[in-house]
Structure formats: structure tokens, C-alpha cells
Q: 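Mind looking over this structure? Questions follow.
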Amino acid sequence: MSDDAPLPKAYAPAEVEPRLYDWWESSGFFHAEPDDPGEPFCICIPLPNVTGSLHLGHALNHSIQDALIRWARMRGRNALWQPGTDHAGIATQNVVEKQLAGEGLARHDLGRERFLERVWQWKEESGGLITNQMRRLGTSCDWEREAFTLDDARSRAVREVFVSLYEDGLIYRGHRLINWCPRCATALSDIEVDHEETEGELAYLRYPAAGGGEGVVVATTRAETMLGDTAVAVHPDDERFVDLVGSTVVLPLLDRELPVIVDEAVDPAFGTGAVKVTPAHDPNDYEIGQRHDLESVDVMTDAATISEAGGPYAGLDRYEARRRVKADLDAQGLLVKVEPHTHALGLCSRCETVVEPRLSEQWFVAVRPLAERAIAAVRDGRTRFVPERNAKGFLDWLENLHDWCISRQLWWGHRIPVWYDRDGSEHARREDPDPAEVEAEGLTQDPDVLDTWFSSALWPFSTQGWPDDTPALRTWYPGEVLVTAYDINTFWVSRMLMMGLRFMHDVPFHAVLNHGLVRDKHGKKMSKSFGNVIDPLDLIDHYGADALRFALLRAAVPGQDVPMAEEWVEGARRFANKLWNAARFVLMQTGPVPHGDPADLPEPAPLEDRWILSRLEAARATADQAYAEYDLARASRALYHFVWDEYCDWYLELAKLRDDEGARRVLTYVLDSALRLLHPIMPFVTEEIWQALHEPAPGVSLMRADWVAAAPERRDHRAEAEFGALHEVVTALRRFRADHGLAPSARITVGVVAEGGHREVIAGGLDGIRRLAGVGEWRFVDAAGQVDGPLGKIPLDLAELLVPLAGLIDLDEERARLTKALHDARVELERAERKLANEGFVAKAPPDVVDAERAKADKWRTTAETLETQLAALE
RNA sequence: GGGCGCUUAGCUCAGCUGGCGAGAGCGCUGCGCUUACAACGCAGAGGCCGCAGGUUCGAGUCCUGCAGCGCCCACCA
């Protein structure tokens with residue numbers, strides 16, 4: 001036994017965490033090799049943006065993965081947590097462009113090459129930020145394998161995939177309707193467009209008949225697109241327009257003749273039942289245009305101003321053009337009416353600019369054949385979702401997938417590996433053509449880059465050396481589980497599945513764990529405009545990484561959003577401190593013990609030993625099952641409850657009574673086991689304690705220690721039942737003491753009426769009960785009559801406890817106290833009842849006031865009854 | 001217009017395949033510095049488990065309907 005407390009009185013994460021992390025990382029504990037022993041277990045991190053910084057969403061996502069990877073490692077799996085960052089095309093380019101704007105420059109002022117140099121420079125400066133922030137959280141990624149979506153190895157994989165899909169006809173260039181962000185000046189895929197319900201208006205425009213008749217009235221929310229109209233469509237069955245079909249109407253302002261056609265896509269119930277058709281600027285109209293071989297007139301420029309095709313409106317901003325078109329039509333008496341109309345506006349998910357549907361020449365992935373295989377893989381369970389219900393939405397989405405627009409009119413990203421020769425023919429190349437060839441053939445490379453998600457789709461295999469057949473690839477593909485918030489399923493999970501199945505002929509992971517989004521304490525989304533954003537680094541500074549991790553994980557029920565507030569983290573920190581102090585106590589009893597097999601546990605053991613070992617086994621079983629189901633919330637709660645409510649509150653207190661080797665061994669063994677079980681969730685405090693608990697052994701870390709083996713034979717339901725009985729006796733006596741205001745120093749005498757077996761159990765636990773309940777003298781009696789004087793009776797399931805009150809309390813004083821209290825209660829009750837009996841009060845007072853009065857009456861009535869009972873018991 | 005989730009103590013949430021005599025954290029009340037921890041301990045108050053039916057020996061848990069809240073998806077111009 002050591003004389004001094006071996007650990008500081010309070011756990012100090014700020015000192016411990018950086019020290020341990022450096023030690024872990026420099027010792028190579030995070031690193032894995034393909035030929036390391038154990039069944040492979042790989043998690044690919046959802047790559048954070050290289051220029052991003054850590055927010056609570058990352059903290060949740062990373063805490064879950066770190067818990068799982070540490071758990072797998074301790075269970076002897078060859079566990080790799082593959083880290084890396086994403087070049088985040090639009091996001092990063094926007095950041096740098098904003099910087100340039102501050103200098104009064106646009107990217108075109110620099111030119112492509114110098115602009116890219118500038119972005120790389122920014123990446124070098126700020127790219128390490130987030131990975132260092134991740135280290136603060138304790139993430140045990142294999143940093144030696146860190147990858148970047150735009151580094152050479154990943155670029156090679158991108159090239160290979162692009163050319164291969166191109167050769168198979170699954171990547172093609174086409175002139176099609178896409179989403180255009182005028183601010184970013186690039187095409188977007190469908191899922192990069194957010195839809196927001198917006199109050200707008202529906203304008204009714206009259207297109208006169210070519211022969212001078214009334215013509216037709218159409219409705220639109222975007223009047224300026226009429227400049228690009230090439231037809232008017234009605235439903236084939238709509239009798240209102242029978243006479244018009246086949247005729248022509250005149251497009252006002254531009255005096256263009258438009259055919260009136262029929263198409264099933266027209267909803268006769270909407271607007272006037274007649275639709276203006278603008279194939280170049282509306283997805284529906286585009287389809288109609290395809291079916292009827294209509295001309296497409298693109299009236300928009302890249303900047304969303306009206307193009308030359310808009311005649312007199314050319315050069316106007318789209319909104320100004322909308323106003324002018326309506327005004328001009330109105331002047332001609334052709335604006336029939338304008339009514340309010342709410343509809344979903346498409347916004348650029350990066351900059352919230354209103355997206356313009358637009359006909360454009362872009363590159364696409366023909367997703368259908370790829371999606372079919374992904375659908376099959378999810379259907380037959382090769383990749384399963386946790387929670388399972390999330391598979392449905394995912395499948396629905398895949399089944400209705402449109403081709404994926406992958407070209408972006410940006411500079412930051414993987415440039416499309418296609419060259420055009422003098423004739424305009426396309427050549428997709430795995431290698432850049434040499435300068436001589438470029439010269440000879442007049443080759444020019446496609447200027448566009450690929451959607452960021454194209455490269456991240458390859459992540460599970462591009463990180464392991466593909467397209468080469470490497471040991472790492474053979475070992476860690478497919479991964480075990482992909483951990484991500486549900487909002488990334490379409491962006492990323494779907495594409496990894498499609499690409500993995502196409503190029504690796506196997507799913508990239510066996511499971512997708514969907515966690516929720518981190519919200520504030522009232523379930524609101526965290527956002528700068530609400531002012532409710534919490535910075536995870538602040539929380540780590542104040543409470544420690546373990547506290548933040550525990551607070552997140554204890555709420556991380558699969559699929560459910562996670563509310564977060566500083567006070568929850570504070571609570572988690574207290575738990576770390578509790579564990580710390582329990583360890584201090586154990587160390588005071590035992591001093592450090594050797595590493596290796598746990599000392600033999602005593603046999604036969606006292607009840608409390610059998611009980612705590614049984615509870616440990618129960619906690620271990622729950623934790624194991626929860627970890628295996630990726631339910632860190634359940635694991636966290638089970639271990640918290642075990643450590644605090646069972647080990648600390650009961651076992652430790654009982655161990656204080658003893659001074660024997662058996663107790664010391666159990667104390668140490670159970671603590672050691674709890675540290676192992678908790679380590680994946682709270683790696684720092686458990687490691688720090690574990691080091692102190694054991695004799696120094698260089699290079700030995702809890703994070704590489706063995707997991708707690710199942711020991712079902714330790715489960716002892718009889719011990720648990722018996723201990724439960726003692727627990728009940730102690731609790732009942734404590735309640736009795738509290739009710740009677742007995743000082744802690746006051747020893748009470750207790751008579752026990754109990755039968756055979758119960759009597760034995762209670763007798764066996766006497767010492768513990770004495771200590772925990774402050775009992776002085778005890779005796780077993782057959783009936784209440786055998787104890788003299790006024791009695792407090794405590795009925796329990798297995799016994800009746802009798803506490804003589806004489807001498808314990810001054811009976812006269814107690815009687816006086818109770819009498820006065822009873823009097824006060826009756827006065828209050830009477831007052832409340834009188835008030836409630838007054839009809840005026842009940843009828844006219846605000847309902848909540850009346851309710852409050854009723855509640856008061858009930859409370860005083862109950863109090864009076866209790867006091868009466870207690871008084872009667874004194875006689 | 002579809003799909004999904006949520007509705008349990010003042011607040012935020014657990015409650016897995018039906019057994020609950022309904023839990024946790026925070027908050028609240030009372031007592032206590034008992035030498036691991038006052039960043040603590042002990043005790044307590046507080047719940048028609050959204051509403052209405054149904055299945056069952058038994059329902060917070062399963063089924064049906066309804067209501068409120070939230071999210072996702074969708075080309076109604």
C-alpha cells in the first residue's frame with residue numbers, strides 16, 4: 001500500500017490527453033499492416049473537406065468510428081481506420097475565390113494555372129487544421145495511410161475509372177438539361193440542389209392566335225422564360241382546347257409562332273390547362289420537347305442574364321427581365337392576371353443562389369446499370385443499413401435515379417481526361433498525351449473537372465492502392481461498416497456502392513451505420529444564424545475529449561438525431577471524474593498490480609464479490625451486444641450504470657469494511673475490466689488510470705490490451721437476488737432515517753421479523769447493512785410484540801423491520817412536531833378548499849390558477865393524512 | 001403528392017424480440033463535508049407512456065384509425 005494518494009484528486013484531461021495521444025501515435029498503436037494477425041476490420045472515414053474545421057457533426061461521426069475501431073482492435077481484429085480528406089471542389093474553390101475577391105481579383109484574372117497554385121497553397125496552409133483537431137478528440141486513425149482525393153494515387157484511380165466507364169459507354173457527353181448555378185458558374189447534380197418552399201407568383205399570359213383570335217392563356221412562375229418558348233401544350237383529352245390543337249399562336253414580344261401540341265404530361269387541372277413549353281429551361285418542357293422534336297432556345301447566359309436569343313431583353317438580369325416581360329405584356333393587355341403561388345425553388349446547396357434549369361453540354365454517368373447492382377446488394381443484405389428502415393428510402397432513391405451529371409465548370413478538381421482533336425473527336429486517355437502528340441493532333445483537353453463525389457466514390461478502394469492489386473486492398477476491402485449521418489447516403493454511400501461493385505466486384509462495406517445530426521438541446525438545427533452553434537474544441541478545452549465523446553455517444557441511438565448542450569458534457573465529465581476517483585480508492589487499497597492474467601479470484605467468495613462479478617458479466621454482455629450492433633448509446637449507458645451505480649455506490653462501500661486479499665483482487669479485477677470495456681468510448685481517462693493501476697511496463701497500452709472475455713459462469717442470479725434483498729433492507733432503513741431526521745451518527749436498533757432463508761440472507765449481510773444503513777444493534781424476533789415501546793414498522797417483501805423509537809427520538813418532541821405540522825397542513829387545506837368551494841372563483845379565475853389551487857389542496861390533504869398516520873404510530 | 005421519424009417526469013431522452021411494480025441525465029426538495037470523489041453521498045417529490053379502438057392472461061412495447069411536431073424525396077408549369 002502506498003502512503004500517498006497515487007493519483008491527483010481530480011482528473012485533469014488537459015494535461016493527460018495530449019500526452020497520451022502523442023504516445024499512442026508515436027508508438028504506432030494506430031497503425032495496421034495487411035499481414036498483422038486477426039480478421040480484417042476496416043472503416044473508411046467520411047472524408048472531411050480539406051479546408052474544413054471540426055464541428056460537432058464530425059465529433060459525433062468520429063467518436064462512433066473511433067469507439068468501433070478501438071473495440072475491434074481490442075478484440076484482436078486487424079483493424080484499420082483509413083483517414084483522409086476531400087478536395088471539396090466547389091467549396092474550396094469558393095473559399096479561395098472569396099479571398100481573391102478581397103484583393104479585387106477574379107479567378108480568370110490569374111488564369112487557370114496560377115489560380116490552382118493559389119488553391120494548393122491554401123490547401124497546404126489550412127489542410128492540416130482539421131486532422132489536428134481530430135487528434136484532439138482522440139481519433140485513432142492510421143495517419144501513416146492518410147490520403148487526399150486529389151493526390152497522385154487517387155488521381156490515378158479516378159483516371160482509370162473514368163476511362164474504363166467511358167470505354168464501356170457508361171460515361172458519355174450529352175446536350176441535356178442540367179441544374180446551373182449562376183453564381184458558381186457551373187453545372188450541379190440533382191442532389192446538389194436544395195428545394196425550398198417559396199412564396200412566389202403565378203403570372204397568366206395570353207398568347208394570341210396566329211390568325212388574330214383570342215389564342216390561349218398560359219401560366220408561369222418564371223415569365224422571362226417565355227422568351228424561349230417553342231410551343232404551347234395541352235392535355236390530349238382536354239376538350240376546352242380541341243379547336244386550338246394543331247393551330248399556331250403568337251409568342252408576344254418576340255412575335256414567334258408557336259404550335260399548339262398535345263402531351264400527356266400536361267395537368268388539365270393546373271393553371272389554365274395550357275402550358276408554355278420552354279425546352280431549354282424546364283425539365284418537364286425538355287421532355288415534351290424531346291417527344292415532339294421541338295426547337296430549344298437557350299435564352300440565358302452563364303451569369304443568368306438574358307442572352308442574345310432574348311432579343312430586346314438581352315443583357316438583363318433574369319429577375320429584371322421577369323419584371324420587364326410582365327410589364328410589357330401588361331401594356332399590351334396580354335398579362336391576364338397575377339396570383340400568389342408557393343412553389344419549391346431550387347437553390348445551390350453551396351451558395352443558396354437560385355438554380356437555373358438549363359440546356360447544356362455536360363458529362364454524365366449512365367447510372368442505371370450501376371444502380372441495379374447496388375440495389376441488388378442492399379436487397380440481399382450484402383450491405384445492410386443500421387437502422388434497417390433507412391434502406392427503404394435509399395432503395396427508392398436508387399430506383400428513380402437519373403443519370404449523374406459529373407462535369408463541373410470549375411478549375412479545382414480532377415480534370416476530365418478527354419482530349420478533342422482538330423475534328424472535334426473525343427479521346428479519353430489514362431495518360432496525358434505527350435507534347436508532341438498534342439502538337440501533331442492539335443489536341444485540347446476538356447476544360448471541365450469532375451464532381452468531387454466522383455473521386456470520393458472510389459475511396460474504399462482508391463485508398464488501398466487500386467488499380468494495383470495490393471495486399472492492403474486484398475486485406476481491407478470490403479470494409480466492415482461505413483459510419484455516416486443519413487444525409488450523406490445519396491451523395492456518397494450510393495456512389496461507393498455503385499463504383500465498388502463495378503470495379504471490385506464486391507460491396508465496399510457490409511453495413512452502413514446511419515447516425516443522426518447533432519442538434520441543440522431543444523432539437524433545433526445548429527446554425528450560425530440561430531446563434532446556437534457549439535464548438536467541439538471549446539468543449540474539449542473545458543471538459544476533456546472523453547467527456548465530449550461520452551456525451552455524444554450516450555445519445556447516439558442509431559438513426560436518431562443527437563441533442564447536445566454544454567451541460568450534458570459537464571455531466572459526462574463528472575463521470576470521468578467518478579471513475580478516476582474510484583481508481584484512486586482502489587489504488588490506495590492495493591497499489592499497482594502486475595500486468596497479465598488477473599489474480600485468482602477468491603473461492604468461495606463473499607456475497608458482494610459474487611454479486612459484483614455477476615453484474616460485471618451482465619454489463620460485459622450488454623456492452624458486447626451493443627458494440628456488435630453499433631449501438632454506442634446502449635453500451636455507454638450500460639457501462640455508466642455499472643460503474644457508478646453498482647461498482648462505486650455499493651461494491652466500493654462494502655469493500656471499505658474489509659481488509660482482505662479477496663476484496664483487493666476483486667476491486668482491481670473489476671476496475672481493470674471496466675476500463676477495458678469503457679476504453680473505446682473514453683480512451684484517455686481509461687488509459688491513464690490503467691497505467692496507474694498496473695506496474696510500469698514500457699510500450700504496453702490499454703488500447704492494445706485484450707478485450708474482456710465472456711464469462712457466463714460468473715453470472716450468478718442467486719447472488720443477485722440475495723444482494724437485492726440486502727439492497728432493499730439498506731434502502732428502507734435509510735429512508736426511515738431520512739424521514740425521521742436522524743443524524744448520521746445516531747445508531748438505530750432494528751428488530752427483524754423474517755423466515756428461514758430470508759433470515760439467513762439478512763444475517764449474512766449484517767456487517768454491510770450496519771455500515772451502509774447506520775444500524776447499531778439488530779436482533780431477529782418472531783413478531784412485533786417482542787419489541788417494546790412505540791415502533792416504526794417497515795414492511796418489506798421478505799421481512800418486516802421494526803425500529804423502536806423510544807430513546808431514538810424524544811417522543812414528546814416528536815409528537816409536538818407532528819402535531820404542529822398537522823395543524824399547519826389542516827389550516828392550509830381548509831383555506832384551499834374554501835377557495836375552491838367558492839363558485840365565483842372556479843368560474844372566473846383563470847383555469848391555471850384554479851388548477852394550481854386544486855393541486856395545493858391535494859398536496860395538503862396528502863400531507864395531513866401522512867402526519868395522522870405517523871402520529872397514530874407513536875401511541 | 002409520396003415516404004420516414006417523433007409524441008414517456010419541468011427539460012433532453014432510453015425503454016431491443018410484449019411481463020413495467022415505467023427508467024436515466026439535468027433541474028427541483030430535504031438531510032449530510034461518513035478519510036475515492038461536495039465535480040460527492042443519502043433520501044424524496046414529480047408520469048391517464050399524444051388520443052381512440054383492437055389483439056393478448058398481460059401493451060409504453062404489437063395492429064388499425066386519428067391528431068400534433070419534424071425530416072427526406074418529388075418536374076405540377
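Lettering follows sequence order; numbering is per chain, from 1. Only heavy atoms go into these numbers, but all of them, side chains included; no hydrogens, no water, no symmetry mates.
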Q: Please tell me if A/H522 has a side-chain N or O lying less than 4.0 Å from either OP1 or OP2 of B/U12.
A: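 Checking A/H522 against B/U12: at least one side-chain N or O falls below 4.0 Å of OP1 or OP2.
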Q: What does A/D396 touch in the nucleic acid at a heavy-atom separation under 4.0 angstrom: a base, only the sugar-phosphate, or nothing?
A: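 Nothing, no nucleic acid heavy atom in range.
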Q: Is any side-chain heavy atom of A/T225 closer than 4.5 Å to a side-chain heavy atom of A/V299?
A: no
Q: Counting heavy atoms from C-beta on, name the nucleotide in B/A36, B/G5, B/A74 closest to the side chain of A/E197.
A: B/A74
Q: Mind checking the NE2-CG spacing from A/H515 to A/L632? Nearest 0.5 Å is all I need.
A: 11.0 Å
Q: Contact class for A/Y486 vs. all strands (heavy atom < 4.0 Å): base, sugar-phosphate, or nothing?
A: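 Nothing: the residue A/Y486, judged by heavy atoms under 4.0 Å, touches no strand.
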Q: Rounded to whole angstrom, note down the C1' distance from B/A14 over to B/U7.
A: 15 Å
Q: Can you confirm if the aromatic rings of A/F270 and A/H235 lie within a centre distance of less than 6.0 Å?
A: no
Q: Compare every heavy atom of A/H195 with every heavy atom of A/G346, then report the nearest pair and how far apart it is.
A: CA-ND1, 4.1 Å
Q: In whole Å, what separates the C1' atom of B/C11 from that of B/C31?
A: 26 Å
Q: For nucleotides B/C20 and B/U61, find the distance between their C1' atoms and express it as a whole number of Å.
A: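 Those two atoms are separated by 10 Å.
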Q: Measure the distance from CZ on A/F642 to C1' on B/A24 and round it to the nearest whole Å.
A: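 Taking atom C1' of B/A24 as the reference, CZ of A/F642 is at 18 Å.
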Q: What's the closest nucleotide to the A/P563 side chain, out of B/U12, B/C6, B/A39?
A: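 Looking only at side-chain atoms, A/P563 lies closest to B/U12.
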Q: In whole Å, measure the gap between the P atoms of B/C28 and B/A39 for me.
A: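 The same atom, P, in both gives a distance of 15 Å.
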Q: Nearest 0.5 angstrom please: A/L7 CG to A/F585 CZ, how far?
A: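 Output value for this atom pair is 13.5 Å.
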Q: Rounded to the Å, how far apart are A/N581 CG and B/A36 C1'?
A: 5 Å
Q: Could you check which nucleotide pairs with B/U7 in any of the strands shown, counting Watson-Crick or G-U wobble with both distances under 3.5 Å?
A: B/A67
Q: Across all strands, who's sitting opposite B/G18 as a Watson-Crick or G-U wobble pair, both distances under 3.5 Å?
A: none
Q: Classify A/R634 by what it touches in the nucleic acid, base, sugar-phosphate, or nothing, heavy-atom distance under 4.0 Å.
A: base
Q: From C-beta outward on A/K392, which listed nucleotide comes closest to its side chain: B/A77, B/G3, B/A43?
A: B/G3
Q: Atom CG of A/L294 and atom P of B/A77: how far apart are they, to the nearest Å?
A: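 Rounded to the whole Å, the gap is 20 Å.
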Q: How far, in whole Å, is B/C57 from B/C62 if one measures between their C1' atoms?
A: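 To the nearest whole Å, 16 Å.
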Q: It should be established whether A/R735 places a side-chain nitrogen or oxygen under 4.0 Å from OP1 or OP2 of nucleotide B/G44.
A: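 Checking A/R735 against B/G44: at least one side-chain N or O falls below 4.0 Å of OP1 or OP2.
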Q: Report the relative orientation of the aromatic rings in A/W644 and A/F575; use parallel for angles under 30°, tilted for 30 to 60°, perpendicular for over 60°.
A: parallel
Q: Taking only the P atom of each, what is the distance from B/C49 to B/U8 in whole angstrom?
A: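 Taking atom P in both B/C49 and B/U8, they lie 10 Å apart.
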Q: Just the rounded figure in Å: distance from C1' of B/A36 to CG of A/L7.
A: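 Interatomic distance, CG of A/L7 to C1' of B/A36: 10 Å.
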Q: Between B/C72 atom P and A/W397 atom CH2, what is the distance in whole Å?
A: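 Whole-Å distance recorded here is 16 Å.
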Q: Once you round it to whole Å, what is the distance between C1' of B/C72 and CZ of A/R389?
A: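 My rounded result for the distance is 13 Å.
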Q: Do any side-chain nitrogens or oxygens of A/W644 fall under 4.0 Å of OP1 or OP2 in B/G41?
A: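 Looking at the OP1 and OP2 atoms of B/G41, one of them is under 4.0 Å from a side-chain N or O of A/W644.
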Q: Can you tell me if A/R573 touches the phosphate of B/A39, counting only side-chain N or O atoms and a distance under 4.0 Å to OP1 or OP2?
A: no
Q: Distance check needed: B/A43 C1' versus A/I748 CD1, whole Å only.
A: 14 Å
Q: Does A/E570 pair with A/R574 as a salt bridge, N-O distance under 4.0 Å?
A: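 Looking at A/E570 and A/R574, the cut-off is met.
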Q: Do A/K656 side-chain and B/A36 base share a donor-acceptor contact under 3.5 Å?
A: yes
Q: Using atom P of each nucleotide, how far apart are B/G47 and B/U64 to the nearest Å?
A: 32 Å
Q: Closest heavy-atom contact between A/L244 and A/G215?
A: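 Nearest pair, atom of A/L244 first, then A/G215: CD1-O, 3.6 Å.
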Q: By the 4.0 Å heavy-atom rule, please label A/H343 as base, sugar-phosphate, or nothing.
A: sugar-phosphate
Q: Nearest to the side chain of A/A582 - B/A39, B/A36, B/U12?
A: B/A36
Q: Could you check which of B/G5, B/A77, B/C37 has an atom nearest any side-chain atom of A/V266?
A: B/A77
Q: Answer with base, sugar-phosphate or nothing: what part of the nucleic acid does A/T731 contact at a heavy-atom distance below 4.0 Å?
A: sugar-phosphate
Q: Toward the 5' end of RNA chain B, which comes first, A/A219 or A/Y11, by nearest nucleotide?
A: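 The residue whose closest nucleotide sits nearer the 5' end is A/Y11.
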Q: Mind checking who B/C62 pairs with, Watson-Crick or G-U wobble, both distances under 3.5 Å?
A: B/G54
Q: Among the nucleotides B/G25, B/A39, B/A77, which one has an atom lying closest to any side-chain atom of A/K276?
A: B/A77
Q: With a 3.5 Å cut-off and just heavy-atom distances, do the side chain of A/K578 and the base of B/C37 make a donor-acceptor pair?
A: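 Side chain to base: pair found, below 3.5 Å.
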Q: Taking atom types as they are modelled, would you say the side chain of A/E653 forms a donor-acceptor pair with the base of B/A36 within the 3.5 Å cutoff?
A: yes
Q: Whether A/H341 contacts B/A77 is assessed here as follows: a side-chain N or O lying under 4.0 Å from the phosphate OP1 or OP2. Is that the case?
A: yes
Q: By nearest atom, which of the nucleotides B/G41, B/G25, B/A36 is closest to the A/D649 side chain?
A: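 Nearest to the side-chain atoms of A/D649, counting from C-beta on, is B/G41.
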Q: Which nucleotide, if any, forms a Watson-Crick or G-U wobble pair with B/G2, using both distances under 3.5 Å?
A: B/C72
Q: Less than 4.0 angstrom between a side-chain N/O of A/R574 and OP1 or OP2 of B/C26, yes or no?
A: yes
Q: Please tell me which of the listed nucleotides, B/A36, B/A74, B/A77, lies nearest to the side chain of A/R584?
A: B/A36
Q: For B/C16 and B/G10, measure between their C1' atoms and round to the nearest Å.
A: 28 Å
Q: Output the rounded distance in Å from CE (A/M564) to P (B/G25).
A: 16 Å
Q: For B/C28, give the paired nucleotide (Watson-Crick: N1-N3 plus N6-O4 or O6-N4; G-U: N1-O2 and O6-N3; both under 3.5 Å), or none.
A: B/G44
Q: Taking the side chain of A/R734 as its heavy atoms from C-beta onward, which of B/A43, B/A36, B/C75 lies nearest to it?
A: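 My answer, after comparing the listed nucleotides, is B/A43.
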Q: Among the candidates B/C71, B/U12, B/A36, find the nucleotide nearest to the side-chain atoms of A/R519.
A: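 Output: B/C71.
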Q: So do A/T198 and A/T342 actually touch side chain to side chain, heavy atoms under 4.5 Å?
A: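 A/T342 vs A/T198: side chains apart.
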Q: Tell me, please, whether A/Y640 has A/R554 positioned over its six-membered ring: NZ or CZ under 6.0 Å from the ring centre and within 45 degrees of its axis?
A: yes
Q: Taking the nucleotide of RNA chain B with the nearest heavy atom to each, does A/L202 or A/D194 sit closer to the 5' end?
A: A/D194
